[in-house]
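Note sheet for the following structure.
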Amino acid sequence: MARIAGVNIPTAKRVPIALTYITGIGPSIAKQICDATKIDQARRVNELTDAEVLAIREFIDANVTVEGDLRREVTMNIKRLMDLGCYRGLRHRRNLPVRGQRTHTNARTRKGPAKAIAGKKK
């Protein structure tokens, strides 16, 4: 099992698909990585040599923000918004939808399960 950026990537899958298991790498960046390291996209991870895995690992370390660093960056951005007290920060702080969605109905993913209101039945 190949370990890249602290993630065990599946060995039976094709290289671009397996790379998407790393947080911060989607399909398009995975294809760019394969092109830059000159690895055929039809090959499987278990067919890669140690040198090719090392080349992928070095390319990712040099050019892509992934896993822990990416998560830290995102949480720091959210914390910055909350500290500023801007509208988006207040929505994050109150655990409500941030991007303009309606909350009169729906928004159950952010707000959690519905709470019953006494005397509401008509």
Side-chain angles (χ1 to χ4, degrees):
M1 189 171 258
R3 189 166 178 83
I4 300 173
V7 177
N8 293 329
I9 61 174
T11 54
K13 295 187 183 289
R14 292 188 307 108
V15 176
I17 303 300
L19 287 175
T20 61
Y21 280 66
I22 300 169
T23 303
I25 297 179
S28 63
I29 293 177
K31 287 176 184 155
Q32 289 174 10
I33 292 168
C34 289
D35 292 341
T37 54
K38 295 180 177 61
I39 294 173
D40 184 29
Q41 295 180 17
R43 291 179 64 194
R44 309 256 171 198
V45 174
N46 55 9
E47 298 169 358
L48 295 177
T49 64
D50 290 338
E52 289 171 330
V53 172
L54 185 65
I56 290 172
R57 194 176 295 134
E58 287 173 350
F59 183 85
I60 289 173
D61 288 342
N63 300 308
V64 187
T65 306
V66 291
E67 284 300 321
D69 295 336
L70 181 64
R71 286 199 180 99
R72 192 174 310 106
E73 190 176 319
V74 169
T75 51
M76 289 305 293
N77 288 341
I78 292 171
K79 187 177 182 322
R80 178 180 51 82
L81 290 171
M82 289 165 59
D83 291 343
L84 283 173
C86 65
Y87 183 76
R88 281 174 58 201
L90 294 176
R91 303 299 282 183
H92 274 293
R93 198 179 302 160
R94 293 180 187 151
N95 205 23
L96 290 168
V98 177
R99 297 186 175 177
Q101 298 92 332
R102 67 180 291 139
T103 56
H104 180 72
T105 60
N106 301 336
R108 296 286 28 138
T109 303
R110 284 292 291 206
K111 291 168 73 174
K115 298 163 192 77
I117 299 170
K120 178 79 175 186
K121 187 171 61 174
K122 250 188 175 178

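The distance from the CD atom of E73 to the CD1 atom of I78 is 11.5 Å, given to the nearest 0.5 Å. Within the model, atoms CD1 of I9 and CG of L19 stand 5.5 Å from one another, a figure rounded to the nearest 0.5 Å. From M76, atom CE reaches atom CG of L81 across 11.5 Å, with rounding to the nearest 0.5 Å. Distance CD1/I4 to OH/Y21: 13.5 Å, rounded to 0.5 Å.
Between E67 and A5, the shortest heavy-atom contact is CG-O, 3.5 Å. The two atoms that bring R43 and L48 nearest to each other are NH2-CA, 3.8 Å, heavy atoms only. What you find for V45 and A2 is that their closest heavy atoms are CG1-CB, 3.9 Å.
A side-chain donor-acceptor contact under 3.5 Å links T23 and R71.
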task: Mind running side-chain hydrogen bond (donor to acceptor under 3.5 Å, both in side chains) on T75 and R72 for me, showing each step along the way?
output: CA-CA 5 Å; T75 51; R72 192 174 310 106; over 6 Å; no

- request: Any chance you could lay out the salt bridge (charged side-chain N to carboxylate O under 4.0 Å, His left out) test for R57 and D61, step after step, and finish with the verdict?
  value: CA-CA 6 Å; R57 194 176 295 134; D61 288 342; over 6 Å; no

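Remark: D40 CG is packed, more than 12 non-hydrogen atoms of other residues, nucleotides or ligands lying under 6.0 Å away.
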Would you tabulate the side-chain donor-acceptor contacts of residues 84-91 under 3.5 Å, counting partners in other chains and residues two or more places apart, or write 'none'?
from: R91; atom 1: NE; to: P97; atom 2: O; distance (Å): 3.0

Show which side-chain atoms of residues 28-35 pair as donor or acceptor with protein atoms under 3.5 Å away, not counting sequence neighbours.
from: D35; atom 1: OD1; to: Q41; atom 2: NE2; distance (Å): 3.4

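Within the 3.5 Å criterion, the main-chain N or O of T65 finds no donor-acceptor partner in the side chain of D69. Put simply, the side chain of R44 gets close to the backbone of A12: a donor and an acceptor are under 3.5 Å apart. Of the possible donor and acceptor atoms, one in the side chain of E52 sits under 3.5 Å from a partner among the backbone N and O of T49. Side chain of R102 to backbone of A107: no donor-acceptor contact under 3.5 angstrom is found.
Linking ILVMFWY side-chain heavy atoms closer than 4.5 Å, directly or via other members, places M82 and V98 in two distinct hydrophobic clusters. No path of Ile, Leu, Val, Met, Phe, Trp and Tyr side chains, each step under 4.5 Å between heavy atoms, connects F59 with L70, placing them in separate hydrophobic clusters.
By the 4.5 Å heavy-atom criterion applied to side chains, Q101 and N106 are not counted as neighbours. For the pair R110 and R94, the minimum side-chain heavy-atom distance is 4.5 Å or more. Put simply, the side chain of V66 does not reach to within 4.5 Å of the side chain of V7, judged on heavy atoms.
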